[in-house]
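One structure is given here, and the rest of the page talks about it.
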There are 2 protein chains.
Amino acid sequence: MLLLVKYITMKKQIPENTINRLSAYYRMLIYLAQRGTQVISSKSLANILGMKDSQVRKDLSYFGRFGVRGEGYKVALLSQKILHILGLEKGRRVCIIGMGNLGSALAAYKGFSDFGFDIRAVFDSNPVKIGKNIRGYHCYPAAEIKNVVKKERIELAILTVPLEQAQAVANLAVEAGIKAILNFAPVRLNVPRNIRVDNVDLAMELKKLSYFAGK
Amino acid sequence: MLLLVKYITMKKQIPENTINRLSAYYRMLIYLAQRGTQVISSKSLANILGMKDSQVRKDLSYFGRFGVRGEGYKVALLSQKILHILGLEKGRRVCIIGMGNLGSALAAYKGFSDFGFDIRAVFDSNPVKIGKNIRGYHCYPAAEIKNVVKKERIELAILTVPLEQAQAVANLAVEAGIKAILNFAPVRLNVPRNIRVDNVDLAMELKKLSYFAGK
DNA sequence: CGTTGTGAAAGGGTTCACAGCT
DNA sequence: AGCTGTGAACCCTTTCACAACG
């Protein structure tokens, strides 16, 4: 009974922003390593990134004790630990669904492969594109999503299809056993609770900017 | 003295997420208007968007009283009000700096013009692209940023240049009088405090997804 | 001595609950 | 009767401050 209470209490612990910041730490650590930095304190790291040192330490403390008191954090060790936390140690199999302008741009984006993401397939429903080589990837028909995702054991899907098709292709991806979706279509996707969906709404970002630009 | 206390207390009032949600409300209201819906309650709107009705009301209450008690919100009126809040009534002059894959994709993205964003210029430093027509826009050299931004009275800049060039072109845009920047390069831009910078880090989004995909 | 790791305090955002209108 | 608008309560995140430790 006490265990149950504990379980309920524990439910949500780690702030989502902590995960975002882990990403930022990782990128900076890689950069520092290249520059030859071997050890860094939470204070220095925080200063570079424009945040508080206590934030850095608290974020890391959710996952373990990675530092040395009086010294700081070993850059190589910490970056390795964060890679592990983010589940990127062994790389991740990704597909892109929708080879329009945005999908093609993302397929060509170096930033993904740099962090261990492995684009295994790209899809489109346009007969002109199907079978062609787009940005170095063979373009499969959308109808093949289930087969290819299963065969290639793809875990993450990037959705860059028009609004109207988003839910349908999301369904296919989910049926094929996808674990998470990065959705660029401005719709709330309906998926099982165990599937993670993150939304990126570019028009929304611009609208926000407009608000803060004032007048 | 009391005024000073009041000023300090007032510092930050409206949550940033409220602005994001305003965007979502607006999009849905436009959709509802097309479908012929004239009035909607905070409860219905919240249900459609998967949130709490009190959230909708609280968000709107930061800006005024737009509803009718016992009835709900008039769709046409509310969407108009939100457009005004977001500063999009009269449209916004935008430029895109960096006509690589991502910049070109954004130039072609319908979602921007749909919400009153007016792309007035696109820039690149690649001589092959300069002077050409890209996605319907004349491509200016990066060296012309200051002149063109000023002449066209451009307010918002979308930055899609490589990491190394981001700060330099941001400086040019700021000098030209830009008000806000949507930055796709994974660097913390150094700009005067009165310039708003929003960052979109696509690799970070994928890393977050990886974390939540588990294992 | 300097920096981590962490409870406790502070700060902010979300949800509740109900008074106030229509 | 029904729904908005809002102060207060609640809950989550950030920051503080310091004990623990190399």
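So that the names make sense, note that chain A is the first sequence line, chain B the second, and so on, each numbered from 1.
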Exercise for the section: Please report, rounded to the nearest Å, how far the P atom of C:dT4 is from the OH atom of A:Tyr25. Expected result: 12 Å
Problem - First encountered from the 5' end of DNA chain D, between A:Asp53 and B:Ser61 - result: B:Ser61
Handout entry: Donor-acceptor pair between B:Glu16 and B:Asn20 side chains, under 3.5 angstrom
Key = no
Exercise for the section: Establish, for the pair A:Lys207 and B:Phe115, whether the NZ or CZ atom is under 6.0 angstrom from the six-membered ring centre and no further than 45 degrees off its axis. Expected result: yes
Completion exercise
Picking from D:dT13, C:dT14, D:dT15, the nucleotide nearest the side-chain atoms of A:Pro15 would be D:dT13
Practice task
May I ask you to evaluate whether B:Arg65 reaches the phosphate of C:dC21, defined as a side-chain N or O under 4.0 Å from OP1 or OP2?
Solution key: no
Exercise for the section: Check the pair A:Arg196 / A:Asp198 against salt bridge (charged side-chain N to carboxylate O under 4.0 Å, His left out), numbers first and verdict last. Expected result: CA-CA 7 Å; A:Arg196 167 85 183 189; A:Asp198 279 2; 2.7 Å; yes
Practice task
Indicate whether OP1 or OP2 belonging to D:dG5 is found under 4.0 Å from a side-chain N or O atom of B:Tyr73.
Solution key: yes
Practice task
Take atom CG of B:Leu22 and atom P of C:dG13, then tell me their distance rounded to the nearest Å.
Solution key: 15 Å
Practice task
Using whole Å, report how far CG of A:Leu60 lies from P of C:dT3.
Solution key: 16 Å
Problem - Atom-pair distance (NZ on A:Lys52; C1' on C:dA10), nearest Å - result: 12 Å
Exercise for the section: Report the distance from atom CD of A:Gln13 to atom P of C:dG7, rounded to the nearest whole Å. Expected result: 14 Å
Exercise for the section: Taking all non-hydrogen atoms of both residues into account, name the closest pair between A:Leu88 and B:Ser210 and its distance. Expected result: CD2-OG, 3.5 Å
Problem - Considering all heavy atoms, the nearest A:Ile48-A:Ile40 contact - result: CD1-CD1, 4.2 Å
Handout entry: Under-4.0 Å side-chain N/O to phosphate OP1/OP2 contact, B:Ser42 with D:dC3
Key = no
Exercise for the section: Please state how far atom OH in B:Tyr62 lies from atom C1' in D:dG7, giving the value in whole angstrom units. Expected result: 12 Å
Practice task
Answer yes or no: does a side-chain N or O of A:Asn17 lie under 4.0 Å from OP1 or OP2 of D:dT13?
Solution key: no
Practice task
Starting at atom CG of B:Asn20, determine the distance to atom C1' of C:dG13, rounded to an integer number of angstrom.
Solution key: 13 Å
Completion exercise
Closest to the 5' end of DNA chain C, once B:Glu71 and A:Ile40 are matched to their nearest nucleotides, is A:Ile40
Exercise for the section: Take atom CD of B:Gln55 and atom C1' of D:dC10, then tell me their distance rounded to the nearest Å. Expected result: 14 Å
Problem - Point-to-point distance, once rounded to the nearest 0.5 Å, from CG of B:Leu22 to CG of B:Leu60 - result: 6.5 Å
Fill in the blank from the handout: Ranking D:dG5, D:dA8, C:dG5 by distance to the side chain of B:Lys58, first place goes to D:dA8
Hey, what are the protein-to-nucleotides 17-19 of chain D N/O distances that come in under 3.5 Å?
residue : atom : partner : partner atom : Å
D:dA17  : N6   : A:Arg57 : NH2          : 3.3

Practice task
Please determine if B:Arg92 forms a cation-pi arrangement with B:Phe117, meaning its NZ or CZ atom is less than 6.0 Å from the six-membered ring centre and no more than 45° off the ring axis.
Solution key: no
